[in-house]
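Bear in mind the structure is a predicted one, so any value in this text is a computation, not a measurement. Note: hydrogens, waters and symmetry copies are ignored here, and every other heavy atom, side chains too, is used. So you know, we letter chains A, B, ... as the sequences are listed, proteins then strands, and number each from 1.
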Amino acid sequence: MSLLDFLHEYDQSLLIALGEHLRLVGIALLIAVAAGVPTGAWIARGEHRAGPVLLAANIIQTIPSIALFGLMIPILAMVNHGIGFLPAVIALILYAQLPVIRNTRVALRAIPPATLDAARGLGMTERQIFLRVALPLAAPGIVAGIRIAATMSIGVAAVAAYIGAGGLGIFIVRGIQTTWDMMTIAGAVGIALLTLVVEIALGIVQRMLTPKGLRVRGGGR
Amino acid sequence: MIEFIDVRKTYGGEIAVNGVSLRVETGELCVLLGPSGCGKTTLLRMANRLVEPTSGTIMIDGEDIMCSSPVELRRRIGYAIQSVGLFPHRTVAQNIATTPELMGMAAGKIAARTDELLSMMNLEPARYRDRYPSQLSGGEAQRVGVARALAADPPLLLMDEPFGAIDPINRAEIREEFLALQRRLRKTIIFVSHDIPEALFLADRIALMRSGNIEQVGAPPELIASPATEFVKRFFGGDRRMLLLETTRVAEMTIPPAGPGNPRAAIAAESTLREALLALMSGDGEHLGIHDGNGGMLGEITLGDIQRHMALAMRADGEPRR
Amino acid sequence: MNELFPFFADHLKDIGLRLGEHVRTVGVALLLAIPLGMGIGIALSRGWARRIRGPVFYLLGLGQTIPSLALLALAVGLLGIGVVPAVIALLLYSILPIARNCYTGIQSVPDAAVDAARGLGMTQLQILRSVQLPLAGAYIIAGIRTATVVAISAGALASLIGAGGLGDFIFAGISLYRPEEMLAGAIPTALLALGADFGLSLLEKRLERWRR
């Protein structure tokens, strides 16, 4: 049986697994961005807060994914959600914090102080400064962080198949359990391809969100 | 008209501005001059509440600035700074349109105003309108910065070394253009500088500052000829006579009526004494005619007249009055 | 939860054994990845590599985005199960951070320092050994630090392909739903990663200080 035959025969279950994978990663990223971008903006404004926040995010990031699951399951079991979607989504959200927070902070701090001083001096409100000046200028950097978080999340979501969260990792789980290499490879190739596609797609988004004024250089003289 | 009344600013124990009082008249360009750290930028930034004074009052046209919200106040005051701070993601036109947009001006009016300002700053609108800041030279960016400050036609302008970041040749050029523009617009301007020639060239009056205090306020020739303190005298350095020649206009001296016979050369009363001196030395006559710029003769001067004026102006070699 | 301590006490020897396996797999992979990664980093920093530098880093970067579980699964497909495929997968995974940081570190050495060394009559090799590499030390350690954390994490998954290690407890604990067993694997794994990260961060800081 070739890989193509396998894909043909299991196309339905592959699609379902892909859907589960995307749903898990998508929901986790949405929440992670909603939490991480404001946190990054918050620590960019007060440098004294940056140390502890980044340290905490870094510690979470350092804990291996399967170990994090192993630590979380007994805790979540107390509310009857030991395995499945919830621990997976929580782990993904936690892992995504470091790249999102760090990139948001770096991108916001890279804005020249004179630009913000001018905005204030011309009579923009703090809200207008953030929405019209800071955010557009920081957007490419923030998306770069989301991009790192996304590729990482796809990988962690694959491991989450072991705790019953479904997704493409299921093929690897079953393939290894039944020593059916074709199934393992199909899962691995699927996850690798998904990662590459998302990586490239978010790269395009990042380029689109880069203001034209930051892309053009020189000229005209 | 803007008036600072006993304005103080301290940061912790550090005194940045130490009870300064200063009145800048409507249509006047007042340069805050002084070494770095003397408090001139802090004083400027208190006028649009980018810095809040520790004590004292600032009045614009008789109204305490604390009565308006900072945002409202800033929209009524033009603001240009040394590092320009153009928004890199917005075109030149969008940058200039910032304050008019914030104030809700109609799009068509904004476009017309933008083009008008670009022409005023000697930047051809069709060529520059859609460029991004990264596509501008240093001098062009500073011109756009000034245009942006002027966009909502504010009567008062705050400028913090707005021509500081460009090379000397372009700086001289942009300065001259700016002075010509100011003669036309007659804005009330507070202009921070640490550059003596720039201050002497632009200022109606200079407020010379040191460690949070104003040492002396006056027209440029006044500060040079009769420095109030030893610091003022030393600040302008050894060539004060030369500076006086460069900053005094012929119109400021007593011009004797023309004698019999027409002098060969003549210059306008608006010229500086330095220019008069050069004309006298390069011409072959003893006398130099002075005209009012519209063909009317005011009189004629000699080298001796200039010497007498200088001697009077620099009385007692300009020893400090206190 | 209250079975945790008895379980730990009863299985102390087992935990030590698995920890040893874990460290062995990760250690061998890193021992191979460090010279390989540094070799690539040094090679790409040379003038002749200017053209291929971009593409090589792009490819390595893409390889790095492939999740470790997928890479381990592919290794099984190609090489079967056991320690060797696990070491190879971990090795591949650790090369990029080391190579990239080694390259960045060498690039960060001021041109003036290299010029001065050349002026003193050093050969290219001497410049590399006594100027560029020592000054790039903090960067290289930072790369090794990233690689180590990544390898410890992937090492826990390597239990799935028969390489042993602390992952054995976690996976057995999950499939039999025995929380105390999960924790017996998860806690030492997390501590191992955090400890390695912290230890190498100290080394990195020391080299940074020395650089100034």
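If you measure heavy-atom distances from C:I174 to chain A, the contacts under 4.5 Å come from the side chain alone. Only the side chain of A:I176 has a heavy atom closer than 4.5 Å to any heavy atom of chain C. For chain A, the nearby part of C:V149 is the side chain; its heavy atoms alone come within less than 4.5 Å. For C:F169, no part lies near chain A; criterion is any non-hydrogen pair under 4.5 Å. Only the side chain of A:T195 comes within contact range of chain C, judged by heavy atoms closer than 4.5 Å. Using a 4.5 Å cut-off between heavy atoms, C:L74 touches chain A through backbone and side chain atoms alike. In this structure, chain A has no heavy atom under 4.5 Å from any part of C:R178. Residue contact with chain A, scored on non-hydrogen atoms closer than 4.5 Å, is absent for C:L72. Using a 4.5 Å cut-off between heavy atoms, C:T189 contacts chain A through both its backbone and its side chain. Only the side chain of A:I172 comes within contact range of chain C, with heavy atoms under 4.5 Å apart.
The most heavy-atom pairs under 4.5 Å with chain C, out of A:V173, A:L168, A:D181, A:L194, come from A:D181. For the set A:I148, A:I59, A:I154, the entry with the most heavy-atom pairs within less than 4.5 Å of chain C is A:I59.
The existence of a salt bridge linking C:E21 and C:R24 is excluded, since no basic side-chain nitrogen approaches an acidic carboxylate oxygen closer than 4.0 Å.
Annotation: the span from C:I98 atom CD1 to C:T148 atom OG1 amounts to 7.0 Å, rounded to 0.5 Å. To the nearest 0.5 Å, the span separating CG on A:L196 from OG1 on A:T151 amounts to 10.0 Å.
Relative to the six-membered ring of A:F85, A:R23 meets both conditions, a distance below 6.0 Å and an angle of at most 45° to the axis.
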